[in-house]
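Notes to accompany the following structure.
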Amino acid sequence: MNRKKRIIILGTTGSVGTTVLEEIAYFREQFEIVGISCHSNIERAEMIIKNFSVQAVAVTDPKISVPRNFCGKIFRGIDGLSAMVESLEFDILVVAIAGIDGLRPVLRAIDRGKTVILASKEVLVVAGEMVMGLAQSKGAVILPLDSEHNAIFQCTRGDNRFIKRLWLTASGGKFWNQDRQAIEHATVTEVLRHPKWSMGKKITVDSSTMANKGLEIIEAIHLFGVRPTQIEVAIHPACTVHSLVEFCDGSFLAQLSPVSMKYAARYCLFYPERVAVREPSLDLFQLGELQFFRPDFEQFSCLKLAMEVAQGKQSQRIAYNAANEIAVELFLNEKITLQAIPEIIRGTLSKMEDKDYETLEEILAVDQMARSRARQFAKRFF
Ligand code: MG
């Protein structure tokens, strides 16, 4: 029997991290978790350490004390993530932390030629050229865990030569077929009740404004080496078709599975093989009609802004992501309305220069600058 694949998971206590852990637990003869990270949920991290005999842990929240009675390696703070990736022996890095904190550890893993299973779309949004360029030169494989990109990857299997267009499907969130009034008066509680997917708070808000799909457009451009004009978005409320590829010869391929991240996680963990499971999956006779609708780019201006940003320079993409994060946090704290989110993104973008960057330090500095500009601009909506 082959030796177990050694895995580091960044963001084990979040919703995607939990799904990956469940899959690993299910197939535990084939995987070994050598390192995990958590932000502040130390109780859950301690349980994972015990259940999976983990040897190393990174705790990113500096206010949190490290796990009790743990005699493995301990890493602290955001820098601890890349230090852990640097020092452990492993085969696969799973990046399931939100935001751009995953960027440095992803670059460290790629530099070591390791496989990266990437759920953090922000990493490719802010530094797509750098990440994909390094992966190519080091021969490292990047497997997308975001369900749409995972679907596309399952259709192309890494061969992007014959792609005509990529069709990203979107649940449409809560408001896609409602009038503007519903959006205007949307409360935090309403927005957090997503009709289909159960996810973290930030991504659930992003799903309502469709900023999530905006980030995914940019993510897809970098992952699959396509132009912005080769991306289409289709609202598919059933969320059964996770995305489609239209090839140059007129054929389409699509990936279907039930609404759960576990199928994407499973595909990534076993790639390039597929594992046989006994559980039932989709019942085609129960599916009924598969419907697709054209999104309204005027109503969902986060989508329109993302398309514009995708055609511009890197500073714009960094600012789009940073301003959205700031605005979502303000919305969750009930300081602004849902509709103010695209306004804050637009205002921040107008204050940024149009520029590409060579180094990680520059990217992180521009990200910080965009955040402070977004905070400043947002004050007019309080
Ligand atoms: Mg997605």
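One-based numbering, in listed order, for ligands and for the atoms of each. As the structure is a computational prediction, the values presented were derived from the model and not from experiment.
- Side chain of Thr348 to backbone of Ala370: no donor-acceptor contact under 3.5 angstrom is found.
- Taking the N/O/S atoms of Asp146 in turn, the shortest distance to the Mg ion (ligand 1) belongs to OD1.
- Residue-level check: among N/O/S atoms of Glu148, OE1 sits closest to the Mg ion (ligand 1).
- Taking the six-membered ring for Trp and the full ring otherwise, the centers of Phe31 and Phe270 sit less than 6.0 Å from each other.
- Using cut-offs of 30° and 60° for the angle between ring planes, the Phe292 and His236 rings count as parallel.
- Taken from CZ in Arg28 to CD1 in Ile33, the straight-line distance is 7.5 Å, to the nearest 0.5 Å.
- Closest to the Mg ion (ligand 1) among the N, O or S atoms of Glu216 is OE2.
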